[in-house]
Number of protein chains: 2
Amino acid sequence: MEKYVSVLKRTRLFAGVTEAEIAAMLSCLDAKLRAYKKGEYVLRQGEHLDRITVLVGGSLHIQKDDYWGNRAIIQRIAVGEMFGEAYIAPESGALPHDVVAIEDSIVMLFDLRRMMTVCSSACRFHATVVHNLFFAISEKNRKLVQKLGHISKRSTREKLISYLSEEAKKQSSASFTIPFNRQQLADFLSVDRSAMSNELCKMRDEGLLEFDKNAFKLLQGEE
Amino acid sequence: MEKYVSVLKRTRLFAGVTEAEIAAMLSCLDAKLRAYKKGEYVLRQGEHLDRITVLVGGSLHIQKDDYWGNRAIIQRIAVGEMFGEAYIAPESGALPHDVVAIEDSIVMLFDLRRMMTVCSSACRFHATVVHNLFFAISEKNRKLVQKLGHISKRSTREKLISYLSEEAKKQSSASFTIPFNRQQLADFLSVDRSAMSNELCKMRDEGLLEFDKNAFKLLQGEE
DNA sequence: TTTTCCTCGTTGTAAAAACAACAGACTTGT
DNA sequence: ACAAGTCTGTTGTTTTTACAACGAGGAAAA
């Protein structure tokens, strides 16, 4: 448990709290660890949640498959991010999607009530965490809006440009790698893989970008 | 100001707080009122927010227009809902979209710090509001995911079915009205208006649904 | 090492969406 | 009451996407 304190330290949820303080809070928050193998389901559609979950190792996809096998990747969860937090509210129904481990992953769970209620003496920084909880879910919210911005573009090319530009911006470089393979990127942008692959190559031939597997480089006057 | 206390009473943000208590909290939260005419901008892309905003009258669209005049309606805000709350966090940049009044509207603003920090004696129910703040933003989060579910459908027909089914479910009836005209619905689902109109009529001719302006009725074995 | 599996690009075809343009019904404002 | 403007459906054309199928290359497994 303690080996993940340094990971928690860098999360939005525990921003401004020292490692010693985090370590002290773990029991107060009734923290628990779960490990998942690559491909395993961390959460399944239909489940009811009552705990705050933070990924402390590996990576996850929040995804949904329909009757015909079409997969939609709603969000990718990287180390340090929360997930499922929007479905803890009492009035929210069951989880409407699956959460799957993309590689071997470690998840830490916290008791929501204890996290939201400032306790007595032991945890002086508990109030900070309550604030952080709001800011962390705000961050998720902004990411969803950003994703909406990508997939609400009309054409595959625009979706790609929107996504890749943001990724370049996020990594502060015209050269960057993405955390998806082609099929996953297509599922994320909700387009057909082969059509997307085709469009990528056209863009490459037009000199808009270069790529090799997951490594991309945007050319021309990108801002 | 006091005339809107009954509205606030029914919001997620003030759930479990009596009207008398809300009235008492207004000054503590440094509440302020703003009025907007139909068509006016409530917030503009690029602004920096530092207050919690709740719509207490009218209706708003959160939308974004691109260079070519394509409009994307990200979300519709109804009375009692918060908006912009995800962009109050210190690390969030400027607001990436506009907020526009669709009809004459009234907005109430609250001080975030005072809302998040439990004060001394006066506001006993302040702690409840802190919890509610989290649940309210959770609700927004779920709505965004739901919207993602609609527009990540591949075809216009599927997008329509996804949206209309949800609306029927929300209003607990196969007959319901939607808060959009055709152009707005198209901008919301990010499809072309005429193509969507065409598809709607095809679906009507196939006996899937009936409609008259904003009133829809789903037919056949809808669940 | 060999075999199997997975990823990625490529092509052709069929289906669907975007686009443009217009007419009729209805609203709004004067 | 009239004129201007808006909303909606409709049609035909062009562009784009989805779909299906396959082969090359590389990675993983036997």
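A, B, ... follow the sequence lines: proteins, then strands. Residue 1 opens every chain.
B:K217 forms no cation-pi arrangement with B:F176, by the criterion of a distance under 6.0 Å to the ring centre and an angle within 45° of the ring axis.
Residue pairs satisfying the ring pair (Phe, Tyr, Trp, His ring centres under 6.0 Å) criterion with at least one member in residues 40-62 of chain B, sequence neighbours excluded, are listed as follows: B:H61-B:F180. Contacts classified as salt bridge (charged side-chain N to carboxylate O under 4.0 Å, His left out) and involving residues 71-89 of chain B (residues at least two apart or in different chains) are given here: B:D65-B:R71, B:E81-B:K143, B:E85-B:K140. Sorted by first and then second residue, the salt bridge (charged side-chain N to carboxylate O under 4.0 Å, His left out) pairs with a member in residues 98-112 of chain B form an empty list; sequence neighbours excluded. Residue pairs satisfying the salt bridge (charged side-chain N to carboxylate O under 4.0 Å, His left out) criterion with at least one member in residues 44-59 of chain A, sequence neighbours excluded, are listed as follows: A:D30-A:R51.
Recorded end-axis angle for the helix from C:dT1-D:dA30 to C:dT30-D:dA1 stands at 60°, based on five pairs per end and rounded to 10 degrees.
Distance, A:R157 CZ to D:dT15 P: 15 Å, rounded to whole Å. With rounding to whole Å, B:L185 atom CG is found 14 Å from D:dC7 atom C1'. Summarising the geometry, the separation between CZ on A:F180 and C1' on C:dC8 is reported as 17 Å, rounded to the nearest angstrom. Spacing between atom CG of A:D187 and atom P of C:dT7 amounts to 11 Å, rounded to whole angstrom units. In this entry the distance linking CG of B:D205 with P of D:dG9 reads 11 Å, nearest Å. Taking atom CG on A:N214 and atom C1' on D:dG26, their separation rounds to 14 Å, with Å as the unit. B:I151 has its CD1 atom 16 Å from the P atom of D:dT17, to the nearest Å. Separating the CG atom of B:N181 from the C1' atom of C:dT28 is a distance of 16 Å, rounded to the nearest angstrom.
Using a distance-only test at 3.5 Å, with no hydrogens or angles considered, no donor-acceptor pair links the side chain of A:E166 to the main chain of A:Y163.
Nearest-nucleotide positions on DNA chain D place B:F211 closer to the 5' end than the other of A:S155 and B:F211.
For residues 188-201 of chain A, proximity to DNA chain C is found at A:R193, A:S194, A:S197, A:N198, A:C201, defined as any non-hydrogen atom under 4.0 angstrom from a strand atom.
Dashed line: the shortest gap from a side-chain N or O of A:R182 to OP1 or OP2 of C:dG9 is under 4.0 Å. Considering only side-chain N and O atoms, B:T156 lies under 4.0 angstrom from the phosphate OP1 or OP2 of C:dA17.
The two residues A:L164 and A:L218 come nearest to each other via the heavy atoms O-CD1, 4.0 Å.
For the atom pair CZ of A:R10 and CD of A:E19, the computed distance is 8.0 Å after rounding to the nearest 0.5 Å. Rounded to the nearest 0.5 Å, atoms CD1 (B:I106) and OH (B:Y36) are 10.0 Å apart.
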